[in-house]
Enquirer: 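First the structure, then my questions, so here it is.
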Amino acid sequence: SQTIHQWPATLVQPVGSPLSLECTVEGTSNPNLYWYRQAAGRGLQLLFYSVGIGQISSEVPQNLSASRPQDRQFILSSKKLLLSDSGFYLCAWSHGAQETQYFGPGTRLLVL
Amino acid sequence: AQSVAQPEDQVNVAEGNPLTVKCTYSVSGNPYLFWYVQYPNRGLQFLLKYITGDNLVKGSYGFEAEFNKSQTSFHLKKPSALVSDSALYFCAVRAPGGGSYIPTFGRGTSLIVHP
């Protein structure tokens, strides 16, 4: 069966510090991968998605970036965090033909 | 363009009563429709989806949803609510065919089931 992992689970970082969140998927190959941010326990904002290694699409301009160095690894990064980057970050995967997205447990980021 | 609306921020229901969480959508062509549930500080969990076929879709934990093309709705229902059903519920829609595989999510509806 497929599983999706995210780490860390919780992170407290000062403003201006760098960020690296990691997401890995097991039990499947060539998944579509997604990064979402959820603010205040509400709606999801799509940040990035990827349909293959090295292929990243950005949905919103901001100080975040994403990379996909391996087929089942998706990394969210920032060189300098802002207060507004605080939130709950969710990684998800899907197989295009099946459409359903499967979400990881999330990372709670607090920028102080 | 595709969009989805969840008109209620919160739904309150007594345990044992039926529940409905509303969702309407706008998309070109026949939609792919999804419901997800999120418990506090957790990721979203898939409940059910409609792609084609029977308009009544049955999913996990006793939930079901009915696709109504004329009303462009996909309301989530359960005959008898449990306190443990209290969570945040998201409806999502995706246009059919190829291209990007990006669904659009609603803002979510908080379901509170009272004992």
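Order of the sequence lines sets the chain letters (A, B, ...), proteins ahead of strands, with each chain counted from 1. Just the heavy atoms: all of them, side chains too, but no hydrogens, waters or symmetry mates, feed the values below.
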Enquirer: Can Leu109(A) be reached from Leu64(A) by stepping across I, L, V, M, F, W or Y side chains whose heavy atoms are under 4.5 Å apart?
Expert: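 Cluster IDs for Leu64(A) and Leu109(A) match.
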Enquirer: Measure the shortest side-chain to side-chain distance between Phe105(B) and Tyr36(A) over non-hydrogen atoms and say whether it is less than 4.5 angstrom.
Expert: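 Phe105(B) vs Tyr36(A): side chains touch.
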Enquirer: Should Leu88(B) and Trp35(B) be regarded as members of a common hydrophobic cluster, given that ILVMFWY residues are connected when their side-chain heavy atoms come within less than 4.5 Å of each other, either directly or indirectly?
Expert: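 Each belongs to a different hydrophobic cluster.
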Enquirer: By a 4.5 Å heavy-atom criterion (distance strictly below it), what part of Thr104(B) contacts chain A: side chain, backbone, both, or neither?
Expert: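 Contact with chain A: none, neither part.
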Enquirer: Could you tell me whether the side chain of Tyr36(B) reaches within less than 4.5 Å of the side chain of Leu44(A), counting heavy atoms only?
Expert: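 The answer is no; the side chains never approach within 4.5 Å.
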Enquirer: In Å and rounded to the nearest 0.5 Å, what is the CZ to CD distance from Phe34(B) to Gln101(A)?
Expert: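 The CD atom of Gln101(A) is 7.5 Å from CZ of Phe34(B), to the nearest 0.5 Å.
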Enquirer: Considering only distance and modelled atom types, tabulate donor-acceptor pairs under 3.5 Å from the side chains of residues 13-24 of chain B, sequence neighbours left out.
Expert:
none

Enquirer: Any non-hydrogen side-chain atom of Tyr34(A) less than 4.5 Å from a side-chain atom of Ile102(B)?
Expert: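 Touching, per the 4.5 Å side-chain cut-off.
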Enquirer: What do you reckon, is CG of Asn68(B) surrounded by more than 12 foreign heavy atoms closer than 6.0 Å?
Expert: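 Yes.
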Enquirer: First locate atom OG1 of Thr100(A), then atom CG of Leu48(B), and finally report the distance between them rounded to the nearest 0.5 Å.
Expert: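 The distance works out to 9.5 Å.
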Enquirer: Taking Leu11(A) as the starting point, is it possible to reach Phe74(A) by hopping between hydrophobic residues whose side chains are less than 4.5 Å apart?
Expert: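 The answer is yes; both residues are in one hydrophobic cluster.
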Enquirer: Contact between Gln38(B) and Phe88(A) at the side-chain level, heavy atoms closer than 4.5 Å - yes or no?
Expert: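 In contact.
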Enquirer: Please collect all disulfide (SG to SG under 2.5 Å) contacts where either partner lies in residues 1-35 of chain A, sequence neighbours excluded, each pair once.
Expert: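 Checked against disulfide (SG to SG under 2.5 Å) - neighbours excluded - the pairs reaching residues 1-35 of chain A are Cys23(A)-Cys91(A).
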